[in-house]
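One-based numbering along the sequence shown. Side chains included, hydrogens not; waters and symmetry mates left out as well; all remaining heavy atoms used.
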Amino acid sequence: MVPVTKKDLRNLVSQTTIETYEELTPKLIQLIDMTKKNPDLTDAQKSDEISLHMLGYVKSCTNEIIIEVLAEILGLEDEE
């Protein structure tokens, strides 16, 4: 769907955001769980690592949302 109004664009971005976060959340949870269970890290190091995981997650989600929305608008297909 190519949006023709800001409302359409807002809906496309919102839907893509939901899908992207749902798709990438399991990997984040896995990383956090592995970090929490790592006996080689102190609590402060674990906290730092988890913060980095969260930042990476948000960045990855943001990039994917931009790519997916632009691809939809421009009619781009995935490479085979």
For [X] against [Y], the heavy-atom pair lying closest together:
X     : Y     : answer
Met54 : Leu28 : SD-CD2, 3.6 Å
Pro3  : Leu9  : CB-N, 3.4 Å
Ile73 : Val2  : O-CG2, 3.7 Å
Lys36 : Lys46 : O-NZ, 3.0 Å
Thr35 : His53 : OG1-NE2, 2.8 Å
Thr17 : Val13 : OG1-O, 2.7 Å

message = Would the distance check show the side chain of Ser51 and the main-chain N or O of Ser47 forming a donor-acceptor pair, the cut-off being under 3.5 Å?
response = yes

With heavy-atom distances below 4.5 Å as the criterion, would you say the side chains of Glu72 and Val69 are in contact?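 No, side chains not in contact.
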
Rounded to the nearest 0.5 Å, what's the gap from [atom1] on [X] to [atom2] on [Y]? Could you check?
X     : Y     : atom1 : atom2 : result
Ile66 : Thr16 : CD1   : OG1   : 11.5 Å
Tyr57 : Thr20 : OH    : OG1   : 9.0 Å
Asn11 : Thr5  : CG    : OG1   : 7.5 Å
Thr25 : Ile32 : OG1   : CD1   : 9.5 Å
Leu31 : Met34 : CG    : CE    : 6.0 Å
Cys61 : Glu22 : SG    : CD    : 11.0 Å

If you measure only the distance, is there a donor-acceptor pair under 3.5 Å linking the side chains of Glu49 and Gln45?
no

Legend entry - Single-linkage hydrophobic cluster, 4.5 Å side-chain cutoff, Ile50 and Val58 together: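 Ile50 and Val58: one cluster.
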
